[in-house]
J.: 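Below: one structure in structure tokens.
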Protein chains: 2
Amino acid sequence: MRLVVARCQVDYAGRLTAHLPMATRVLMIKADGSVLVHSDGGSYKPLNWMSPPCTLAEGTDADGTAEWVVTSTKTGDSLRILIEEVLSDSAHDLGIDPGLVKDGVEKHLQELLAEHPATLDEGLTLVRREFPTAIGPVDLMCRDSEGRSVAVEIKRRGEIDGVEQLTRYLELLNRDPLLAPVRGIFAAQAIKPQARVLATDRGIACAVVDYDALRGMDDVEARLF
Amino acid sequence: MRLVVARCQVDYAGRLTAHLPMATRVLMIKADGSVLVHSDGGSYKPLNWMSPPCTLAEGTDADGTAEWVVTSTKTGDSLRILIEEVLSDSAHDLGIDPGLVKDGVEKHLQELLAEHPATLDEGLTLVRREFPTAIGPVDLMCRDSEGRSVAVEIKRRGEIDGVEQLTRYLELLNRDPLLAPVRGIFAAQAIKPQARVLATDRGIACAVVDYDALRGMDDVEARLF
DNA sequence: GCCTGCATCTCGCTA
DNA sequence: TAGCGAGGTGCAGGC
């Protein structure tokens with residue numbers, strides 16, 4: 001890992017072209033040759049960058065100004081960095097990173113609802129998780145108290161594309177005479193008004209899920225055993 | 001901008017929880033207080049981070065180990081960084097960045113097609129760009145040689161969600177007796193087979209757009225004037 | 001290997 | 001300000 005603070009100008013050419021005027025920035029060069037150009041603001045996204053695999057060539061332009069050219073070995077995209085003045089340049093051996101451990105995403109929500117389907121609709125029982133279809137797996141396939149099929153799509157945040165996804169599943173599932181009629185439940189921790197309107201218009205029920213309450217139910221069960 | 005290279009352990013708690021075991025990493029602290037934790041690999045995305053607005057509190061934990069706690073002032077998300085050993089710590093005044101100049105995205109494609117609608121379908125003429133509807137603007141509203149309405153959705157890459165989007169527009173537009181019947185054209189530089197199948201199934205035509213050829217047509221016109 | 005769907009997405013536009 | 005679409009998206013999981 002090499003960290004360079006420098007007054008520089010950056011030009012990217014690839015899927016789009018982008019230009020950064022001369023200014024002081026931080027250049028991060030990772031061990032794999034990838035380069036990040038950061039300024040003192042924004043979020044975690046650099047102003048400009050080159051993803052690996054790529055190669056960095058250090059040289060000088062016609063005026064004798066230091067010039068780095070980073071080229072993607074895959075797509076041919078290029079990043080040209082003209083360096084007017086180097087304020088700091090240091091290298092550090094970081095070793096390989098042990099990596100990130102994540103927990104608590106949509107998968108967990110799916111697990112909890114698979115264990116407590118009745119919180120979505122009274123009498124609902126699980127048939128299977130990740131029910132396979134030709135266009136992808138349905139999060140939960142259930143059966144209601146009257147024995148009818150119910151497809152459940154689970155999202156952390158309920159937005160319009162989730163309703164579209166469930167709509168596609170329902171359309172396909174309802175072509176199967178063994179399953180039809182299949183109704184849908186759109187479950188999320190929060191459902192945006194537009195998504196709710198679209199779902200309702202299509203006869204899809206909405207269920208707002210209380211993640212903490214579900215976890216609580218799980219804990220209670222765990223204590224019983 | 002402060003750059004710290006240190007052996008550290010990082011724990012994030014917010015939308016999810018994430019843990020980074022003790023290892024050497026680069027900590028980037030921006031002027032707005034946001035923090036990025038980078039390792040020597042991956043792409044431009046940090047292993048962990050805290051977006052602004054947030055505050056950084058430097059202290060020590062029970063064992064006397066240096067501990068940074070970064071807290072989001074908006075969501076309450078927290079990032080806890082335990083620092084075992086500092087290998088480098090430097091600060092730099094970058095000033096405000098003049099910002100990025102982009103060029104060549106989907107907008108340009110839309111402009112070109114608005115000027116040359118006949119490349120999508122013979123005899124097609126433009127009614128207007130960004131034709132407003134209740135659920136968002138249609139990229140191009142056109143009329144064909146027989147005077148019928150044609151809605152065009154433009155994407156750089158033609159994928160399934162683009163077909164869904166156009167389908168929603170068509171459903172709505174066809175409820176308007178002044179416009180109906182409205183047919184659709186899905187235009188993109190490349191259209192994925194799944195998207196093409198879905199579009200065809202719904203009676204939507206597909207048009208593959210040659211960006212370079214369109215630019216060429218534009219250049220020719222420019223030379224004539 | 002490509003394809004699909006999620007993301008602590010980020011970012012920019014617009015009503 | 002919130003909603004919505006696009007991204008040089010990145011990234012993991014499945015086939």
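Proteins come first, then strands; the chains are lettered A, B, ... in the order of their sequence lines, and each starts at number 1.
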J.: Starting from C1' on D:dA6, measure out to CG on A:Leu16 and report it in whole angstrom.
T.: 12 Å
J.: Give the rounded distance in Å between these two atoms: CD of A:Gln110 and C1' of C:dC6.
T.: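 Taking CD of A:Gln110 and C1' of C:dC6, I get 12 Å after rounding.
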J.: Decide yes or no for A:Val152 and A:Leu120: does some side-chain heavy atom of the first lie under 4.5 Å from some side-chain heavy atom of the second?
T.: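 A side-chain contact exists here, since the closest heavy-atom pair is under 4.5 Å.
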J.: I'd like to compare against my own output: the B/S/- annotation of nucleotides 9-15 of chain C with a strict under-4.0 Å heavy-atom distance to protein.
T.: SSS----
J.: Could you check how far CG of B:Asp77 sits from P of C:dA7, rounded to whole Å?
T.: 15 Å
J.: What is the separation between atom CG on B:Leu109 and atom P on D:dA6, rounded to the nearest whole Å?
T.: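 Computing the B:Leu109:CG to D:dA6:P distance gives 12 Å.
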J.: Pick base, sugar-phosphate or nothing for B:Met50, based on heavy-atom distances below 4.0 Å to the nucleic acid.
T.: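 Since no nucleic acid heavy atom lies under 4.0 Å of B:Met50, the category is nothing.
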J.: Considering the options A:Leu79, A:Leu47, A:Val35, which one meets the side-chain contact (heavy atoms from CB on, under 4.5 Å) requirement together with A:Val10?
T.: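 Passing option: A:Leu79.
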J.: Nearest whole Å is fine: how far is C:dC6 P from B:Ile160 CD1?
T.: 13 Å
J.: Would you mind reading off the distance between B:Glu153 atom CD and D:dC4 atom C1', rounded to a whole angstrom?
T.: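 So the two atoms are 13 Å apart, to the nearest Å.
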J.: For residues 198-208 of chain B, run the donor-acceptor check on the side chains, cut-off 3.5 Å, and write out each pair with its distance to 0.1 Å, sequence neighbours left out.
T.:
from: B:Thr200; atom 1: OG1; to: B:Arg196; atom 2: O; distance (Å): 2.7
from: B:Arg202; atom 1: NH1; to: B:Glu164; atom 2: OE1; distance (Å): 3.0
from: B:Arg202; atom 1: NH1; to: B:Thr167; atom 2: OG1; distance (Å): 3.0

J.: Starting at atom NZ of A:Lys74, determine the distance to atom P of D:dT9, rounded to an integer number of angstrom.
T.: 13 Å
J.: Can you tell me the distance, in whole Å, between the CD atom of A:Glu130 and the P atom of C:dT4?
T.: 16 Å
J.: Are B:Cys8 and B:Glu84 side-chain neighbours, meaning at least one heavy-atom pair lies under 4.5 Å?
T.: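 With C-beta onward as the side chain, the pair stays apart.
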J.: Side-chain N or O of B:Gln165 less than 4.0 angstrom from OP1 or OP2 on D:dA6?
T.: yes
J.: Verify, without hydrogens or angle tests, whether B:Ser43 (side chain) and B:Lys45 (backbone) share a donor-acceptor contact under 3.5 angstrom.
T.: no
J.: Can you tell me how far the NZ atom of A:Lys30 sits from the OH atom of B:Tyr44, to the nearest 0.5 Å?
T.: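 Answer rounded to 0.5 Å: 11.5 Å.
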